[in-house]
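Quick note on labels: first sequence line is chain A, next is B, and so on, each numbered from 1. Heavy-atom basis, side chains included; hydrogens, waters and symmetry copies ignored.
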2 protein chains.
Amino acid sequence: MTVAPTADAPLTRNQTLVLEALAAAPVPLGAYALLDRLRDQGLRAPAQVYRALDRLQARGLVHRLETLNAFVACREAHRAEGPVVFVICEHCGRARELTDEVIGGRLRGLAAEAGLALHSSSVELRGTCAACGRTAAGTDPETR
Amino acid sequence: MTVAPTADAPLTRNQTLVLEALAAAPVPLGAYALLDRLRDQGLRAPAQVYRALDRLQARGLVHRLETLNAFVACREAHRAEGPVVFVICEHCGRARELTDEVIGGRLRGLAAEAGLALHSSSVELRGTCAACGRTAAGTDPETR
DNA sequence: AGCCGAATGTTATATCATAACATGCGGGCT
DNA sequence: AGCCCGCATGTTATGATATAACATTCGGCT
Ligand SMILES: [Zn+2]
Ligand SMILES: [Zn+2]
Ligand SMILES: [Zn+2]
Ligand SMILES: [Zn+2]
């Protein structure tokens with residue numbers, strides 16, 4: 001979740017580069033994978049990537065997948081809504097972003113019952129996607 | 001979640017040490033924090049701690065908190081049930097483990113709808129707990 | 001031009017996690 | 001007993017992820 005906080009200044013150059021690289025990737029990318037892809041465009045150090053990611057996350061344009069230490073561009077434009085659910089295939093690495101009112105509502109309810117002032121949430125489901133499940137179990141995306 | 005897989009051999013020495021250290025701690029501990037606390041009992045290297053943690057997690061006796069890179073002893077004895085929800089105070093660092101049938105059921109439903117064969121789940125709510133919220137906002141546990 | 005705040009560039013280092021290989025110990029077998 | 005084997009353990013080294021700290025540049029403003 002991580003609610004969008006403030007005004008929309010235009011994205012800076014580095015933020016744009018990082019966001020576009022994420023949007024173009026079929027799978028979540030780690031900070032160093034981003035750095036590799038952006039060396040040509042002038043990025044040199046991890047700090048540059050992490051800074052851009054921080055700002056993009058603060059705006060809700062990028063999400064961090066905690067179980068992967070990786071990042072995705074937000075596909076929805078939810079940016080202010082509640083908890084998001086990620087569905088992650090451990091096989092092909094693809095991640096889908098969902099929102100669900102039952103989950104969102106109940107998580108807010110649980111936080112309230114627990115006396116927690118909710119700042120952010122992370123919900124990630126891991127498993128094998130339908131496509132990977134159909135190809136002989138154990139096949140990995142490189143093998144196909 | 002991360003379902004418990006197999007038979008119960010007795011815990012090994014290192015596993016016992018790690019589990020007891022976690023059970024005694026008021027907050028989740030990282031692997032290196034565990035290592036520090038267990039040097040006296042003979043643990044020397046990160047790999048020893050990570051190995052014990054892996055086995056304890058496989059049995060459902062320990063959970064990993066993905067947003068903290070830290071570990072907690074399981075308080076419930078759920079060990080085979082569905083998704084668990086962690087409620088984490090960013091202030092005092094305490095984490096509570098909950099299970100909720102609405103969340104559990106709906107997450108399984110979402111996975112099924114998405115065509116995902118669910119292997120494990122991670123659900124973490126972050127915020128400020130009631131105790132920390134009452135003490136002048138911004139107070140941290142060291143300060144009190 | 002001179003100032004200021006924000007973004008950027010750069011170097012170094014902290015933190016988290018695993019690979020790879022050696023050693024030791026116990027249980028079953030001959 | 002002596003051997004073998006599986007498995008936990010010990011140990012060293014390295015990989016992967018993330019941040020601290022400080023110098024530099026850029027753009028708007030007066
Ligand atoms: Zn999103
Ligand atoms: Zn897949
Ligand atoms: Zn548990
Ligand atoms: Zn608290």
Extract all donor-acceptor atom pairs below 3.5 Å that involve side chains of residues 14-23 of chain B and protein atoms in other chains or at least two apart in sequence.
from, atom 1, to, atom 2, distance (Å)
B:Gln15, OE1, B:Thr12, N, 3.4
B:Gln15, NE2, B:Thr12, OG1, 3.4
B:Thr16, OG1, B:Thr12, O, 2.8

> Residues from residues 44-54 of chain B sitting under 4.0 Å of DNA chain D, heavy atoms only?
Replying inline: B:Arg44, B:Ala45, B:Ala47, B:Gln48, B:Arg51

> Do any pairs count as a side chain to side chain donor-acceptor pair (under 3.5 Å) and have a residue in residues 43-52 of chain B, sequence neighbours left out, and if so which ones?
Replying inline: none

> Between A:Ile103 and A:Leu98, is a side-chain contact (heavy atoms from CB on, under 4.5 Å) present by the stated rule, with each step listed?
Replying inline: CA-CA 10 Å; A:Ile103 296 291; A:Leu98 308 174; over 6 Å; no

> Whole Å only: how far is the CZ atom of B:Arg55 from the C1' atom of D:dG6?
Replying inline: 12 Å

Between the protein and nucleotides 22-28 of chain C, are there any N/O to N/O pairs under 3.5 Å, and if so, what are the atom names and distances?
none

>> Can you measure B:Leu68 atom CG to D:dT17 atom P for me and round it to whole angstrom units?
In response: 19 Å

>> How long is the straight-line distance from CZ of B:Phe86 back to CG of B:Leu65, given to the nearest 0.5 Å?
In response: 5.0 Å

>> So, using side chain to side chain contact (heavy atoms under 4.5 Å, CB included) as the criterion, who are the partners of B:Ala47 when residues are at least two apart?
In response: none

>> Rounding to an integer number of Å, can you tell me how far B:Arg39 CZ sits from D:dG10 C1'?
In response: 14 Å

> Does anything in residues 117-131 of chain A pair up under salt bridge (Lys or Arg N to Asp or Glu O under 4.0 Å), and if so which pairs, sequence neighbours excluded?
Replying inline: A:Glu90-A:Arg126

>> In whole Å, I'd like the distance from the CG atom of B:Leu65 to the C1' atom of C:dC16.
In response: 15 Å

> In whole Å, what is the span from the CZ atom of A:Arg59 to the C1' atom of C:dA7?
Replying inline: 13 Å

>> List the residues meeting side chain to side chain donor-acceptor pair (under 3.5 Å) with B:Arg106, not counting sequence neighbours, and say none if there are none.
In response: A:Asp100, B:Glu113

> Looking at residues at least two apart in the chain, or sitting in another chain, which of them share a side chain to side chain contact (heavy atoms under 4.5 Å, CB included) with B:Ala33?
Replying inline: B:Leu29

> Is any side-chain nitrogen or oxygen of A:Thr12 closer than 4.0 Å to OP1 or OP2 of C:dT8?
Replying inline: yes

>> Could you work out, with salt bridge (Lys or Arg N to Asp or Glu O under 4.0 Å) as the rule, every residue matching B:Arg64, not counting sequence neighbours?
In response: B:Glu66

>> List the residues meeting side chain to side chain contact (heavy atoms under 4.5 Å, CB included) with B:Ala117, not counting sequence neighbours, and say none if there are none.
In response: A:Thr128

>> If I take atom CG in residue B:Leu11 and atom P in nucleotide D:dA8, what distance separates them, rounded to the nearest angstrom?
In response: 11 Å

> Heavy atom of residues 13-36 of chain A under 4.0 Å from DNA chain C: which residues?
Replying inline: A:Arg13, A:Asn14

> Which residues satisfy the salt bridge (Lys or Arg N to Asp or Glu O under 4.0 Å) test with B:Asp36, sequence neighbours excluded?
Replying inline: B:Arg39

> Over how many whole Å does the gap from B:Glu66 atom CD to D:dT17 atom P extend?
Replying inline: 14 Å

